[in-house]
Amino acid sequence: MKVLLVNPEFPETYWSFRHALPFEGKRSVFPPLSLMTVSSLLPKKVERRLVDLNVQSLKKSHLEWADMVFITGMLAQKKSLHEVVKQAIALGKKVVLGGPYVTSTIEELPHADHIFQGEAETTLPEFFTDLERGEAKRIYKALERPPMSISPTPDFDIVDLKRYSCMSVQYSRGCPFSCEFCDIIEIYGRVPRTKSNHQLLTEFDELNRRGWRGPVFIVDDNFIGNKKNVRHLMPELVDWQKRHGHPFSLLTEASLNLADDDELLNNMREAGFRRVFLGIETPVEESLVEAQKPQNRGNLLESVKKIQSYGMEVMGGFIVGFDNDPADIFERQIEFIRESAIPLAMVGMLNALPDTQLWRRLEREGRLLGEDATGNNTISTLNFVTKMDPARLIAGYESIMKTIYKPREYYQRALDSLKRTAHETKEPTPYNLLDEIKGFSRLVLKLGVIDGERKEFWRFFIQALRKHHDRMTESLRLAAMGYHFRKLNESYDTVNSET
Ligand code: B12
Ligand code: SF4
């Protein structure tokens, strides 16, 4: 049997980094870990190929080769997913779907022969047994969430690592908290399950053996969700990095209570964690209470500063549109983002994702607008009746975006962040000298010559060179990211003025 694994295309969002990637000569940041894991779950005798529409196009010959087409996707990929389904069906192929979109959607499920809801570690082997017996079902849904101990090492050979700028591995799934808007806990549960130290380090070995150097994203919902296991992991992770000469710079997602744990922070620094994404959401206490986010307690600015003092650049998620947001929420968010020195601030408008506590509350209150959530909370769309006048909310949201990604504001935060995140060792990168020279030339040509904001770029460049000359790769990466966000905002402006 021949299986074609397809990762549909992502639209342009904050996380696509589409305007920053060309500087590195890449088309996508992360390889599709879901399909790499699914590939490892397929029976050995199955022939397999993977097409990631974010780095290559889907050809008719790809589909013709296959007996079955396995497609993954999150909500944000649904347009492309539907197109691939249509093409595969037109060629008479069996279509199998899985991933967060088909797991959490309440829309009518796409036409497909087999649909996997939830994690596939137990259901996929069951499917192949059923298939052999001629008894395969349409829907597969695991009765219980599988332990991570049975999650296989992803198939790193099915993708061309060189096409991506960052590798991903997963240590845990789920999060112990209960934020009202969150769909993670509905999909992956509130009891964080982890892989064993051996499993994770085997994945590190595999990447190292294939010569990967540079960033590795531990794509957990909350890396410190299961603190007991993480504490047990950290010394081994530190040791692995030391023994292998620190080939990877690590990034992950965590809850803000990371700031309460000095030992863990220290271990993270030693293990080479350089970036962490935190769900900060809002500086307004009443809105945090509404969001059921007690873990974001105390002085949030101090917490961010403390994490930065361990050499980690903080990336932050922020939300406007809570019922309790005061009239000056927009100014308060801008002020917070400025003072926290968070260059990459992902600000979104509250969106009710299907099957979340928020969705259920708004449904009870009769406030859902019947619009599907787009899966992208960074475009100016609302899918429920807000307490604040919607026009004011959208205008306020856009004012935040315009302010924080103005070159001068952004570059200042980048410089502040560099200052707060001092570290002693050089960050590993996947590039050789020639790549670095090429990337540098492309960036300087675009930001320092062609771009209308070139004065601000040179101002930043000179200050970075003066104060952080040993961290120029990092500084230029930040400049590229700032350019991505600015361009994205401009494109949203066009979309919004057209609609
Ligand atoms: C890493 C990550 C990203 C990365 C990388 C994405 C990528 N290229 O793969 C980045 C940072 C780019 C990202 C971005 C976004 N993300 Co994201 N992301 C994740 C995260 C944390 C891990 C994904 C992962 O690799 N998991 C590991 C794999 C092994 O797990 P899995 O995907 O669930 O796959 C298992 C099963 O689902 C199943 N399966 C999956 N596919 C298939 C297919 C078949 C055929 C079968 C049989 C089975 C199967 O088998 C696998 C093994 O059990 C998840 C949360 C999570 N826990 O998964 C959110 C998550 C997927 N992201 C989410 C969202 C909303 C986004 C954004 C839209 C955010 C934004 N506002 O911009 C963007 C959009 C992407 C873009 N580029 O524009 C949501 C999706 C919600 C939904 N219902 O669709 C999630 C669930 C988290 C959340 N609530 O915020 N994301
Ligand atoms: S801390 Fe993050 S992952 Fe955990 S419930 Fe809250 S939003 Fe979801």
Side-chain angles (χ1 to χ4, degrees), residues 3 5-7 9-18 28-38 40-42 52 54 68-78 95-105 112 114-124 127 140 142 145-146 148 150-152 154 164 166 168-170 172-188 190 192 217-222 224-225 251-257 277-279 281 291-293 295-296 315 317 319 346 348 351 353-357 373-379:
V3 167
L5 301 147
V6 183
N7 186 30
E9 199 178 349
F10 284 107
E12 256 194 35
T13 68
Y14 278 2
W15 284 105
S16 69
F17 295 123
R18 204 156 286 173
S28 185
V29 187
F30 306 101
L33 190 60
S34 52
L35 293 179
M36 290 153 70
T37 308
V38 167
S40 295
L41 289 166
L42 297 176
D52 178 357
N54 300 286
M68 294 185 119
V69 182
F70 276 44
I71 311 168
T72 188
M74 34 176 125
L75 198 52
Q77 291 166 283
K78 81 173 172 189
V95 172
V96 181
L97 300 179
Y101 168 53
V102 291
T103 298
S104 66
T105 189
H114 309 285
I115 294 185
F116 284 75
Q117 293 183 317
E119 299 159 54
E121 275 78 358
T122 53
T123 47
L124 208 49
F127 166 69
Y140 282 84
R145 294 194 174 92
M148 294 290 279
I150 62 165
S151 193
Y164 302 91
C166 182
S168 359
V169 295
Q170 190 179 39
S172 71
R173 291 184 193 152
C175 174
F177 296 112
S178 188
C179 305
E180 193 191 30
F181 55 80
C182 180
D183 62 345
I184 284 285
I185 44 181
E186 312 290 340
I187 308 178
Y188 300 99
R190 289 197 54 219
F217 185 8
I218 302 185
V219 298
D220 294 10
D221 305 316
N222 181 358
I224 62 163
L251 58 146
T252 193
E253 306 189 335
S255 44
L256 196 63
N257 58 324
F277 183 90
L278 306 173
E281 327 306 2
Q292 298 172 185
K293 205 142 186 155
Q295 68 274 29
N296 287 13
M315 299 176 277
I319 298 177
M346 313 286 183
N351 235 279
L353 288 172
D355 201 26
T356 53
Q357 299 174 79
T374 57
N376 175 11
N377 62 349
T378 57
I379 46 175

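All ligand and atom numbering here is 1-based and tracks the order in the structure.
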Tell me which one of V38, V169, V102 gets a heavy atom nearest to atom 48 (C) of ligand 1. V38

Could you list the residues that satisfy ring-ring contact (aromatic ring centres under 6.0 Å, His included) with Y140, not counting sequence neighbours? F116, F127

Would you kindly specify which portion of L75 sits under 4.0 Å from ligand 1, judged on non-hydrogen atoms: side chain, backbone, both or neither? both

Please determine whether a side-chain nitrogen of the Lys or Arg among E121 and R145 lies less than 4.0 Å from a carboxylate oxygen of the Asp or Glu. no

Closest to atom 42 (C) of ligand 1 (judged by heavy-atom distance), picking from S34, S168, A76, G98: G98

Are the side chains of D220 and E253 in touch, meaning some heavy atoms are under 4.5 Å apart? no

Do any N or O atoms from the side chain of T103 and from the backbone of G118 form a donor-acceptor pair under 3.5 angstrom? yes

Counting only heavy atoms, tell me which of S16, P100, G279, G174 gets closest to atom 86 (C) of ligand 1. P100

Number of protein N/O/S atoms that sit closer than 2.8 Å to atom 6 (Fe) of ligand 2: 1

Under 4.0 Å, counting heavy atoms only: does S104 come that close to any atom of ligand 1? yes

Consider side-chain contact (heavy atoms from CB on, under 4.5 Å). Of I71, L35, L33, which one does N7 pass it with? L35

Are any of the side-chain heavy atoms of D183 and D355 separated by less than 4.5 Å? no

Once rounded to the nearest 0.5 Å, what's the spacing between atom CZ of F181 and atom CG of N351? 11.5 Å

What about A120: any of its N or O atoms under 3.5 Å from an N or O on ligand 1? yes

Check each of L33, T356, N351 against atom 25 (O) of ligand 1 and report the one with the nearest heavy atom. L33

Identify which of E121, M74, Q170 has a heavy atom lying nearest to atom 80 (C) of ligand 1. M74

Does even one non-hydrogen atom of I184 get within less than 4.0 Å of ligand 1? yes

At a 4.0 Å cut-off, with the gap strictly under it, does some heavy atom of G118 reach an atom of ligand 1? yes

Pairing residues for P176 by the side chain to side chain contact (heavy atoms under 4.5 Å, CB included) criterion, not counting sequence neighbours: P192, N222

How far does CG of D221 sit from CZ of R190, to the nearest 0.5 angstrom? 13.0 Å

Please determine whether any non-hydrogen atom of P11 lies less than 4.0 Å from an atom of ligand 1. yes

Applying side chain to side chain donor-acceptor pair (under 3.5 Å), name anything that partners T122, two or more places apart in sequence or on another chain. none

